[in-house]
Amino acid sequence: LNPDISVFLLASQFRVAPDQVVDALYRLHECHFSEYIDALRVEYAVGLLASEPSPGDTYHIERVAHQCGYLNAEALRRAYLSVMFTPLPE
């Protein structure tokens, strides 16, 4: 997932104003852009972690974090906690 995704990037891709993207997203999903993106990234991360278990691999979560568009494992852990309301299982 693109780590640089933004309202402005989506708006330019769809050739609409950024406010239109924000308004449409809020009407459809009742959340803000960053919350929606975090939810998508966390959902993707959960799938990767479940399908590619790596017991003892200390860099596994770091790799998954990068694949999901996060800069590091700690950013993924914070997003997971925010979305799932529980810490990311180790």
Side-chain angles (χ1 to χ4, degrees):
L1 299 170
N2 184 349
D4 299 320
I5 192 146
S6 69
V7 170
F8 299 104
L9 179 65
L10 282 179
S12 69
Q13 298 240 334
F14 288 106
R15 294 187 174 99
V16 297
D19 289 348
Q20 289 177 288
V21 172
V22 170
D23 291 344
L25 185 64
Y26 199 84
R27 276 196 316 276
L28 291 170
H29 298 284
E30 296 182 351
C31 64
H32 298 285
F33 180 79
S34 61
E35 295 168 333
Y36 182 70
I37 295 301
D38 274 341
L40 290 177
R41 287 179 173 163
V42 165
E43 181 181 336
Y44 186 59
V46 166
L48 288 176
L49 290 167
S51 68
E52 302 173 15
S54 295
D57 183 354
T58 57
Y59 296 106
H60 182 61
I61 292 177
E62 190 77 30
R63 280 196 304 275
V64 168
H66 288 284
Q67 286 178 272
C68 296
Y70 291 107
L71 295 177
N72 55 45
E74 187 56 35
L76 171 57
R77 286 185 181 96
R78 281 192 309 269
Y80 186 93
L81 181 61
S82 174
V83 171
M84 304 299 274
F85 304 108
T86 187
L88 180 66
E90 292 296 325

How far apart are the C-alpha atoms of V46 and Y80, what are their side-chain angles, what is the distance that settles it, and do they pass the side chain to side chain contact (heavy atoms under 4.5 Å, CB included) test?
CA-CA 9 Å; V46 166; Y80 186 93; 3.7 Å; yes

Next on the checklist: Please tell me whether M84 and Y36 are part of a single hydrophobic cluster in this structure, the criterion being side-chain heavy atoms less than 4.5 Å apart.
Outcome noted: no

Between A65 and N72, the two heavy atoms sitting closest are CB-O, 3.4 Å

task = Count the heavy atoms belonging to other residues, nucleotides or ligands that lie under 6.0 Å from CG of L71, then report whether that count exceeds 12.
result = no

Rounding to 0.5 Å, atoms CG (L48) and CG (L76) come to a distance of 10.0 Å

Note: S6 and F33 closest approach over all heavy atoms is C-CZ, 3.6 Å

Checklist entry - Can you get from L40 to V21 by hopping between Ile, Leu, Val, Met, Phe, Trp and Tyr side chains that sit under 4.5 Å apart? => result yes

**Greater than 12 external heavy atoms within 6.0 Å of E43's CD** = no

The reported gap from CD1 in I37 to CG in L10 (rounded to nearest 0.5 angstrom) is 6.5 Å

Here the pair of heavy atoms bringing A17 nearest to A11 is C-CB, 3.9 Å

Here the pair of heavy atoms bringing I61 nearest to P89 is CD1-O, 4.4 Å

In sequence, state the C-alpha distance, the side-chain angles, and the governing distance for V7 and L25, and then conclude on side chain to side chain contact (heavy atoms under 4.5 Å, CB included).
-> CA-CA 10 Å; V7 170; L25 185 64; over 6 Å; no

Taken in chain and number order and not counting sequence neighbours, the residues that satisfy side-chain contact (heavy atoms from CB on, under 4.5 Å) with E35 are C31, H32

With no hydrogens and no angle check, is any side-chain donor or acceptor of R41 less than 3.5 Å from a backbone partner on C68?
yes

Does V83 share a hydrophobic cluster with Y44, counting links as ILVMFWY side-chain heavy atoms below 4.5 Å and allowing steps through other members? yes

Rounded to the nearest 0.5 angstrom, the CD-CD distance for E74 and E62 is 10.0 Å

By salt bridge (Lys or Arg N to Asp or Glu O under 4.0 Å), R78 pairs with (sequence neighbours left out) none

Scanning both residues in full, the closest heavy-atom pair of L81 with P87 reads CD1-N, 3.7 Å

**Q.** Single-linkage hydrophobic cluster V22~V16, side-chain heavy atoms < 4.5 angstrom
**A.** yes

Here the salt bridge (Lys or Arg N to Asp or Glu O under 4.0 Å) pairs for residues 4-23, sequence neighbours left out, are none

